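Let me begin by presenting the structure, written as structure tokens, before commenting on it.
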Amino acid sequence: MPDEYIDIEISAEGAPGVKAGTPLREALTDFPEGSIGAEVDGELLGIEDPIKQGGHYRLLTLDSPQALKIFWHSAAHLLAQAVKRLYPDVKLGIGPAIRDGFYYDFDFGQPISSEELPRIEDEMRRLAEADQPITRAEMTPKEARELFSREGQNYKLELIRGLNEGISVYSQGEFTDLCRGPHLPSTGLIKHFRLLSLTGAYWRGDERNPMLQRIYGTAYPTAEQLAEHLQRLEEARKRDHRLIGRQLGLFSFHPEAPGTPFWHQKGVVLLNAVEEYWREAHRRHGYAEVRTPIILSRGLWERSGHWDHYRGNMYFTSQEDQEFAVKPMNCPGTVLMFGERQWSYRELPWRAAELGIIHRYEKSGTLHGLFRVRGFTMDDAHIFCTPEQLVDEIRGVVRLVYEIYARFGLTEVEVELSTRPLDRIGTDQMWDRAENALTDALKGEGSEFEINEGEGAFYGPKIDFHILDCLGRRWQCGTVQIDFNFPERFQLEYIGPDNQPHTPVMIHRAILGSMERFVGILIEHYGGDFPLWLAPEQAVVLPITDDEHPAAENVAERLSGAGFRCRIDGRAEKIGRKIRDAELLKIPYMLIVGAREAADGKVSLRRRHQGDLGVQSIESLIEQMHSEAAGDSPAVTE
RNA sequence: GCUGGCGUAGCUCAGAGGUAGAGCAGCUGAUUUGUAAUCAGCAGGCCGGGGGUUCGAAUCCCUUCGCCAGCUCCA
């Protein structure tokens, strides 16, 4: 029964139709079996919720994707009910539906251990089997205060203080919770769920508030969907770049340098392959590569505004009574370069790209593999152009962004445009022009985008690019920001056709974000199975016996000569063992040389995950590898 | 930073007051092998660092460093 619609009309005084405030269940004369709520204009309604507006209602069943949000929210309540039965004195925080599940925050007084989760899950199961109806009631703030103060639910009381009339509570059995809803009709619908983890979380996310204990869980209407979701979590665990990074010998971390990776030989090959492609693409798009100092004087950072706004994230050092900062951004250095001399409008745009090494202090608790580090290489560029050139420049950046992502097989990109915040510099006219330039450029390139009203930086509006990896996870990588601040602070100018000085427009942009983080994303996206052009080791020659070593040397030399990364596994192991080890190292090509191949000057070809592909001449192999390496990246799963 | 958990051999992990263990990896030797693990032997440890309790500490306590999970996707 998917996609069933029903129109509801709100009655005016004395006219036919449904009275506003009527619960959805009563408003529907013919309530279809299996309906758990409805959606209208993006708003979700449970069947007990009151109708507020007329409209075209889409009925939801458990099969509807939108219904999951309701489902998870009710699962959170089920969790809270179970916890309250087991720990009667528990204080409830909040328990929303989130992406892929739900959580609920509790104050247990005495912290509980994650070994309690199965017990709680069992209690939830019992409660679900009891199949209690979920009912809704409205009350005034006063009534709500009385209700929750009776139970000593101080967190709920705090929430009520921020609410006006029309407070709703949802109940199932003895359990009542302050809640906006919507919810399922009854708890019996929640059959398949799993509690996943127990962690700490500050009340309202503020570290000055008490630490609550948060229980995360997930639930699905069918056992298959739940199993599939748990499978996805398992897949993500297997793809963890920290694990694969060690298994493949790409990088490591040491306590001596928290938050900064040590890149091993193979990891550097990978980084270099990404950088080589990056340089090639930037040359083609008319960028000039520059390199600015890592340590610059405090005075520069005072002038750029970083001293006032970013000092807490910066590292400092001093020598000869002079204070310096380790750069957290590349822009001031590039701006100094621009300011070195006079510029003619004929020389603009100047697109200065830099793979700049920057350092930012991050709280120790937020460090996470390559994803959150303290030192990294930003694939930065700063474009200085005339106002007339702005739209074209942004369009060029957008094109380059899509081109570069596509090279890595990342074709799903989500774009967000952030507009002027309340606290900002520059005139409204400048903001109009800049926001229009970003909008026009995105439209011109045919990108779909969402607008984040008021989320721009104080110095200018921006576009953010998010890529979706093969597991559908979203990573913010690229950004394009227009900057009114720098040209003003550093009094940048160029001489226009009118022989007068003008202020250039400055654009900051990054595409991959951090090279290190991007490589981490690639590791997880490919699961370590890198396409040929990125693979740290592209081929390994596997002689069957020592007799084939000369022939194997010959094969390896030919491949190395053709520019491929290739080695010989000359160990006194059986071929099965050599294959296994090469498969585990995820080497794309295994070239087996036995007596027959040695005699014919050929190899027996084996591809990672594919097995034996038969005998092939070395010439045709090299040709095949060249075209594979040059082409677009193949599908992620081979 | 804060809360909780975890640091034992290169890796994955056992041991939970009484002589530090296994598998894999490593080394040595044998084996010369045909598409995902050949066999045997050997070696390997300030049980993360520091302090304490105890006759005795990997084990209990304190402290410090690091790692892992999380720290509003708002009732």
Side-chain angles (χ1 to χ4, degrees), chain A residues 69 72-73 76-77 80 92-105 111-115 141 144 148 153 155-164 166-170 177-181 196-216 237 240 242-243 246-247 249 252-259 312 361-369 474 542-549 570-585 590-597 604-615:
Chain A
K69 243 192 128 169
W72 287 326
H73 200 167
H77 274 211
L92 304 180
I94 62 167
I98 54 172
R99 214 183 110 109
D100 296 330
F102 59 91
Y103 69 78
Y104 212 109
D105 286 343
I112 65 163
S113 110
S114 56
E115 280 151 37
F148 288 102
Q153 293 291 353
Y155 299 103
K156 295 293 177 189
L157 289 170
E158 190 180 326
L159 292 171
I160 292 166
R161 254 175 266 141
L163 297 173
N164 297 319
I167 291 177
S168 59
V169 299
Y170 284 77
D177 197 2
L178 177 74
C179 185
R180 188 167 52 184
L196 296 171
S197 62
L198 173 72
T199 61
Y202 296 103
W203 169 239
R204 304 198 131 181
D206 190 329
E207 62 190 35
R208 289 165 302 190
N209 285 339
M211 174 74 67
L212 307 182
Q213 282 194 293
R214 173 171 299 178
I215 298 177
Y216 281 94
R237 259 193 291 278
D240 190 318
R242 295 165 297 185
L243 185 68
R246 190 169 54 230
Q247 285 167 344
S252 58
F253 285 91
H254 291 267
E256 287 80 356
Y361 164 73
E362 301 280 356
K363 290 179 183 176
S364 57
T366 61
L367 300 177
H368 181 94
R474 197 163 179 266
L542 310 178
I544 301 272
T545 76
D546 288 355
D547 292 342
E548 289 86 42
H549 278 199
R571 293 175 302 166
E573 295 287 353
K574 290 189 180 179
I575 194 65
R577 174 54 180 273
K578 294 183 185 181
I579 287 169
R580 178 183 150 80
D581 289 345
E583 289 275 358
L584 290 176
L585 286 172
M590 285 159 272
L591 312 173
I592 295 159
V593 181
R596 293 194 295 274
E597 291 82 3
S604 174
L605 179 60
R606 189 188 161 98
R607 284 226 56 179
R608 170 180 65 189
H609 305 322
Q610 287 180 7
D612 192 354
L613 296 178
V615 175

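Computation of the quantities below employed the complete heavy-atom set of this structure, encompassing side-chain atoms and omitting hydrogens, waters and symmetry-equivalent molecules. In this text, all values refer to a predicted model and were calculated from it rather than measured experimentally. Chain letters run A, B, ... following the sequence lines, proteins first, then strands; residues in each count from 1.
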Whole-Å distance separating the CG atom of A:L367 from the P atom of B:C65: 14 Å
For the C1' atoms, the ones on B:A20 and on B:U59, what distance do you get once it is rounded to whole angstrom? 12 Å
Measure from the side chain of A:R242, starting at C-beta and using heavy atoms only, and say which of B:G66, B:U35, B:C68 lies closest. B:C68
Identified pairing partner of B:U53, criterion: Watson-Crick or G-U wobble below 3.5 Å: none
Nearest heavy-atom contact between A:R577 and A:R571 is O-NH2, 4.4 Å
Close side-chain approach of A:P96 to A:F102, heavy-atom, < 4.5 Å: no
A:I544 backbone acceptor or donor facing A:K578 side chain under 3.5 Å: no
Choosing from B:C71, B:U32, B:G70, which nucleotide comes nearest the side chain of A:T366? B:C71
Using a heavy-atom cut-off of under 4.0 Å over every strand shown, decide if A:R596 touches base, sugar-phosphate, or nothing. base
Answer with yes or no whether A:E597 presents, from its side chain, a donor or acceptor under 3.5 Å of a partner atom in the base of B:G34. yes
With the side chain counted from C-beta on, respond yes when A:V169 and A:F148 share a heavy-atom pair under 4.5 Å apart, and no when they do not. yes
Can you tell me how far C1' of B:G4 sits from CD of A:Q213, to the nearest Å? 7 Å
Taking the side chain as every heavy atom from C-beta outward, state whether A:I215 and A:Y104 have any atom pair closer than 4.5 Å. no
Please write out the pairs of protein N or O atoms and N or O atoms of nucleotides 38-45 of chain B separated by less than 3.5 Å, giving the distance to one decimal.
{"from": "B:U38", "atom 1": "OP1", "to": "A:E573", "atom 2": "OE1", "distance (Å)": "3.2"}
{"from": "B:U38", "atom 1": "OP1", "to": "A:R577", "atom 2": "NH1", "distance (Å)": "3.4"}

For A:V615, is there any backbone N or O sitting under 3.5 Å from a side-chain donor or acceptor partner on A:E597? no
Expressed in whole Å, how much space separates the P atoms belonging to B:A22 and B:A43? 12 Å
Between B:C71 and A:Y216, is there an OP1 or OP2 to side-chain N/O distance shorter than 4.0 Å? yes
Go through the N and O atoms of the side chain of A:R204 and the base of B:U72, and report whether any donor-acceptor pair is under 3.5 Å. no
Taking any heavy-atom pair under 4.0 Å as a contact, classify A:L198: base, sugar-phosphate, or nothing. nothing
How many Å lie between CH2 on A:W203 and C1' on B:U72, as a whole number? 9 Å
A:L243 vs A:E548, nearer the 5' end of RNA chain B by closest nucleotide: A:L243
A:L178 near the nucleic acid: base, sugar-phosphate alone, or nothing, with a heavy-atom cut-off under 4.0 Å? base
Among B:C71, B:C73, B:U3, which is the nearest nucleotide to the side chain of A:M211? B:U3
Selected nucleotide, minimal atom distance to A:D612 side chain, candidates B:C11, B:G70, B:U35: B:U35
Given A:I592, which partner from the list A:I579, A:L605, A:D612 fulfils the side-chain contact (heavy atoms from CB on, under 4.5 Å) test? A:I579
Which whole number of Å gives the distance between the C1' atom of B:U8 and that of B:G34? 42 Å
Closest of B:C2, B:U72, B:A75 to the A:H73 side chain is B:A75
Would you mind reading off the distance between A:Y170 atom OH and B:A75 atom C1', rounded to a whole angstrom? 11 Å
Only pairs with both distances under 3.5 Å count, Watson-Crick or wobble alike; so what is the partner of B:U59 in this structure? none
Kindly point out which of B:G34, B:A36, B:G70 is positioned nearest to the side chain of A:I544? B:G34
May I ask you to say what A:A595 touches in the nucleic acid, namely base, sugar-phosphate or nothing, with a heavy-atom cut-off under 4.0 Å? base
Using side-chain contact (heavy atoms from CB on, under 4.5 Å), reason through A:E583 and A:R608 one step at a time and then give a plain yes or no. CA-CA 6 Å; A:E583 289 275 358; A:R608 170 180 65 189; 4.2 Å; yes
Report the base-pairing partner of B:G7 (Watson-Crick or G-U wobble, both distances below 3.5 angstrom), or none. B:C65
Does B:A37 have a Watson-Crick or wobble partner in any strand here, with both distances under 3.5 angstrom, and which is it? none
In terms of side-chain heavy atoms of A:T199, which of B:A75, B:A69, B:U33 is nearest? B:A69
Side-chain N or O of A:R580 less than 4.0 angstrom from OP1 or OP2 on B:U35? no
Please tell me which of the listed nucleotides, B:A69, B:C71, B:C11, lies nearest to the side chain of A:R246? B:C11
Quantified in whole Å, what is the P atom distance between nucleotide B:U3 and nucleotide B:C42? 50 Å
Would a 4.5 Å heavy-atom cut-off, applied to side chains only, mark A:P141 and A:L163 as touching? no
Across all strands shown, which nucleotide pairs with B:C2 by Watson-Crick or G-U wobble geometry, both distances under 3.5 Å? B:G70
Categorize A:I94 for me: base, sugar-phosphate, or nothing, with a 4.0 angstrom heavy-atom threshold over every strand shown. sugar-phosphate
Atom CZ of A:R208: over 12 foreign heavy atoms under 6.0 Å: no
By ring pair (Phe, Tyr, Trp, His ring centres under 6.0 Å), A:Y202 pairs with (sequence neighbours left out) none
Can you check the distance between B:G26 and B:G56, where both ends of the measurement are the C1' atom (answer in whole Å)? 35 Å
Tell me: OH of A:Y104 to C1' of B:U72, nearest whole Å? 13 Å
By the 4.0 Å heavy-atom rule, please label A:Y155 as base, sugar-phosphate, or nothing. nothing
Of A:E362 and A:S197, whose nearest nucleotide on RNA chain B comes first from the 5' end? A:E362
Considering only the C1' atoms, how many Å lie between B:U64 and B:C11, rounded to the nearest integer? 27 Å
Searching all strands shown, indicate the nucleotide that pairs with B:G26 (Watson-Crick or G-U wobble; both distances under 3.5 Å). B:C42
Sugar-phosphate, base or nothing in reach of A:H368, heavy atoms under 4.0 Å: sugar-phosphate
Please report the distance separating the P of B:G10 from the corresponding atom of B:G5, rounded so that it comes out in whole Å. 27 Å
Taking A:D206 first and then A:R204, would you say they form a salt bridge - that is, a charged N and a carboxylate O separated by under 4.0 Å? no
How would you label the contact of A:K156 with the nucleic acid (heavy atoms, under 4.0 Å): base, sugar-phosphate, or nothing? sugar-phosphate
For B:G48 and B:U32, measure between their C1' atoms and round to the nearest Å. 45 Å
Among the nucleotides B:C74, B:U35, B:A69, whichever has the atom closest to the side chain of A:R180 is B:C74
If pairing requires Watson-Crick or G-U wobble contacts with both distances under 3.5 Å, which nucleotide is the partner of B:C47? none
Report which part of the nucleic acid A:R474 touches: base, sugar-phosphate, or nothing (heavy-atom distance under 4.0 Å, all strands). nothing
